[in-house]
Student: 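Could you have a look at this structure, given as structure tokens, before my questions?
All figures in this text were calculated on a predicted structure; none of them were measured in a lab.
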Amino acid sequence: MRKGILTIAAVGLLTTGGLTACGDDSGDKAASAKTPKIGVILPDSKSSARWETADRRFLEEAFKAANVQYDIQNAQNDKTAFQTIADQMITGGVTALMIVNLDSGTGKAVLDKAKSQGVATIDYDRLTLGGSAQYYVSFDNETVGKLQGEGLSKCLTEKGAKNPVVSYLNGSPTDNNATLFKAGYDSVLKPKFDANEYVKGPEDAVPAWDNAQAATIFEQQLTKANGKIDGVLAANDGLGNAAISILKKNKLNGKVPVTGQDASTEGLQNILAGDQCMTVYKAVREEAKAASDLAIALAKGEKKDTGQTVKDGDRDVPSVLLTPKAIYKDNVKDVIADGYVTKEEVCTGAYAKLCADAGIS
């Protein structure tokens, strides 16, 4: 995917470029004396299926291809488990540690401990605010949100909505990405609220991206709005599906556009069925490849110049940021063609005809 110049709320991109080798620092020299071994801590398996079905798979492929030792574990949204796993990995001799933090506080503690033990570190997908990771690899997360805002607006227009009431199901308040997503969709929707083209409906953050809580929250939103919600900006497919489950109970599914993110099997099926407006596809294979290349270099005591940095306080963090893609019914096939999900997973049962109608062969 292309790497573009961007500006994001808590994270500002300064420069762009490719990965090139550069000189070692003292920590890298220490790592080079050890057998390369990479530790990865994933956040959970409930907020999004991607962590286990995509990230783990693509990271394993990259590490195996490079013939390096690795250990990938999932903290299952448990901060204590997250820290325990990190301690075990550091004690177990990892020379590079890649984390997807549960929150910046826990992430910072783990990164700082790794640094004190001479272990190189990477923030994967989520930036740890105030942290010490040597690299950050993710997507342009404000653009993700912008695509969601544009998608919801497009679908509302197609439905001929007049002064639609739009509710927000934001991501976890402890996830910096959720802040960036919101900045993105606010950049599209707030001007419409200010111009009285749209009406701002209920807005809530969903703790830990928990889908069950999201359903409860959205049901409360719908009650608060007296059943008058015309569009739902849901920050990912899981939250979107939670909203759709409540809309179905009220026979409103397909009538109220709902956004998403992650291009999950469930999200793609909801789009094919007409219950979800759109999702945002992030090519995790490319994200995993970029992160694994950096991790492998660090584990061998080398450094690479990414040509990009993001701002975290006073610190410029060397970074790789990839470009997301909006997915609607007419290009669901692109996600399958890219190998992110399979036709067999998406086009099951009643979805087989919907897939055929959408040009998925």
Side-chain angles (χ1 to χ4, degrees), residues 8-11 43-44 46-48 50-51 77 100-105 107 125-129 138-153 155-156 164-194 198-225 229-247 256-264 266-267 270 276-280 282 324 326:
I8 42 185
V11 182
D44 65 85
K46 290 185 177 180
S47 66
S48 176
R50 64 164 281 193
W51 301 116
N77 200 38
V100 187
N101 71 59
L102 298 181
D103 63 71
S104 286
D125 201 72
R126 298 173 183 169
L127 181 67
T128 300
L129 299 180
S138 189
F139 286 83
D140 177 348
N141 291 309
E142 190 166 343
T143 294
V144 170
K146 186 178 179 182
L147 292 175
Q148 291 173 319
E150 291 171 346
L152 184 60
S153 181
C155 293
L156 285 168
V165 176
V166 175
S167 78
Y168 281 12
L169 281 176
N170 300 322
S172 173
T174 62
D175 182 353
N176 185 57
N177 283 359
T179 301
L180 300 174
F181 301 147
K182 179 172 162 37
Y185 47 76
D186 270 345
S187 73
V188 176
L189 299 177
K190 189 174 184 300
K192 294 184 179 294
F193 297 140
D194 293 344
Y198 292 1
V199 177
K200 182 67 179 292
E203 175 178 2
D204 293 281
V206 179
W209 295 91
D210 185 276
N211 298 329
Q213 288 192 62
T216 300
I217 289 169
F218 182 69
E219 191 157 34
Q220 292 168 347
Q221 287 188 349
L222 196 59
T223 300
K224 181 179 179 180
I229 289 178
D230 302 297
V232 183
L233 196 300
N236 76 355
D237 288 345
L239 305 188
N241 188 67
I244 289 167
S245 71
I246 302 305
L247 292 172
V256 178
V258 179
T259 65
Q261 175 190 176
D262 291 335
S264 66
E266 183 177 66
N270 282 336
Q276 185 167 323
C277 160
M278 56 82 69
T279 188
V280 178
K282 300 184 294 188

Student: Closest approach of Thr128 and Gly107, non-hydrogen atoms and distance?
Tutor: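 Taking Thr128 first and Gly107 second, the nearest heavy atoms are CG2-C, 3.7 Å.
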Student: Which residue in the set Leu233, Leu147, Val144 passes side-chain contact (heavy atoms from CB on, under 4.5 Å) when paired with Tyr185?
Tutor: Leu233
Student: Looking only at the side chains, is there a donor atom on one of Thr259 and Gln148 sitting less than 3.5 Å from an acceptor on the other?
Tutor: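 Their side chains do not contain a donor-acceptor pair, so the 3.5 Å distance test is not met.
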Student: Taking the side chain from Ser153 and the backbone from Gly149, do they hold a donor-acceptor pair closer than 3.5 Å?
Tutor: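 Looks like no, no N/O pair under 3.5 Å.
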Student: Near Lys200 NZ, under 6.0 Å, is it more than 12 heavy atoms from other residues, nucleotides or ligands?
Tutor: yes
Student: To the nearest 0.5 Å, what is the distance between CG on Leu189 and CG on Leu152?
Tutor: 6.0 Å
Student: Heavy atoms, side chains only, cut-off 4.5 Å: are Leu156 and Val166 in contact?
Tutor: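 Answer yes - side chains close enough.
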Student: So which atom in Thr143 and which in Pro324 form the shortest heavy-atom distance, rounded to 0.1 Å?
Tutor: CG2-CG, 3.8 Å
Student: Let me confirm one number: the CD-OG distance from Gln213 to Ser172, rounded to the nearest 0.5 Å.
Tutor: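 Gln213 atom CD to Ser172 atom OG measures 9.5 Å (nearest 0.5 Å).
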Student: Taking only residues two or more places apart in sequence, or in another chain, which ones meet Lys146 in a salt bridge (Lys or Arg N to Asp or Glu O under 4.0 Å)?
Tutor: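 Testing Lys146 for salt bridge (Lys or Arg N to Asp or Glu O under 4.0 Å), a comparison that skips the adjacent residues, returns none.
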Student: Applying the side-chain contact (heavy atoms from CB on, under 4.5 Å) criterion to Asn141, which one of Asp125, Leu180, Asp175 satisfies it?
Tutor: Leu180
Student: Under the salt bridge (Lys or Arg N to Asp or Glu O under 4.0 Å) rule, collect the residues that match up with Asp44, sequence neighbours excluded.
Tutor: none
Student: Nearest 0.5 angstrom please: Glu219 CD to Ser245 OG, how far?
Tutor: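 Those atoms lie 8.0 Å apart.
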Student: Listed by chain and number, what are the salt bridge (Lys or Arg N to Asp or Glu O under 4.0 Å) partners of Lys46, not counting sequence neighbours?
Tutor: none
Student: Are any of the side-chain heavy atoms of Arg126 and Val100 separated by less than 4.5 Å?
Tutor: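 Yes, at least one pair of side-chain atoms sits under 4.5 Å.
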Student: Would you mind reporting whether Leu169 and Gln221 have side-chain heavy atoms less than 4.5 Å apart?
Tutor: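 When only atoms from C-beta onward are counted, Leu169 and Gln221 do touch, with a gap below 4.5 Å.
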Student: Please round to the nearest 0.5 Å and tell me the distance separating atom CG of Asn170 and atom OG1 of Thr179.
Tutor: 9.0 Å
Student: Taking all heavy atoms of Pro173 and all of Ala205, pick out the closest pair and write down the distance.
Tutor: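 Residues Pro173 and Ala205, closest heavy atoms: CD-CB, 4.0 Å.
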Student: Under the criterion side-chain contact (heavy atoms from CB on, under 4.5 Å), which of Val206, Leu247, Val258, Leu239 is the partner of Phe218?
Tutor: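 Of Val206, Leu247, Val258, Leu239, side-chain contact (heavy atoms from CB on, under 4.5 Å) with Phe218 is met by Leu247 alone.
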Student: To check you understand the geometry: which heavy-atom pair defines the closest contact between Ser48 and Asp262, and what is its length?
Tutor: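 Reported closest heavy-atom pair: OG-OD2, 2.9 Å.
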Student: Any Lys/Arg nitrogen of Asp204 or Lys224 sitting under 4.0 Å from an Asp/Glu carboxylate oxygen of the other?
Tutor: no
Student: For a quick check under 3.5 Å, do Trp209 and Asn236 share a side-chain donor-acceptor pair by atom type?
Tutor: no
Student: Parallel, tilted or perpendicular, judged at 30° and 60°: which one describes the rings of Phe193 and Tyr168?
Tutor: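 Tilted, since the angle between the ring planes falls between 30° and 60°.
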Student: Taking all non-hydrogen atoms of both residues into account, name the closest pair between Gly151 and Met278 and its distance.
Tutor: CA-CG, 4.0 Å
Student: Salt-bridge test for Asp186 and Lys182: reply yes if a basic N is under 4.0 Å from a carboxylate O, no otherwise.
Tutor: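 Salt bridge present between Asp186 and Lys182.
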Student: To the nearest 0.5 Å, what is the distance between CD (Glu266) and OG1 (Thr279)?
Tutor: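 So the CD of Glu266 and the OG1 of Thr279 are separated by 11.0 Å.
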Student: Can you check whether Leu129's main-chain N or O pairs, donor with acceptor, with Ser104's side chain at less than 3.5 Å?
Tutor: yes
Student: Do Asn211 and Asn241 get their side chains close enough for a donor-acceptor pair, meaning under 3.5 Å?
Tutor: no
Student: Write down the atom of Ala235, the atom of Gly171, and the distance for their closest heavy-atom approach.
Tutor: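 Minimum heavy-atom separation between Ala235 and Gly171: CB-N, 3.7 Å.
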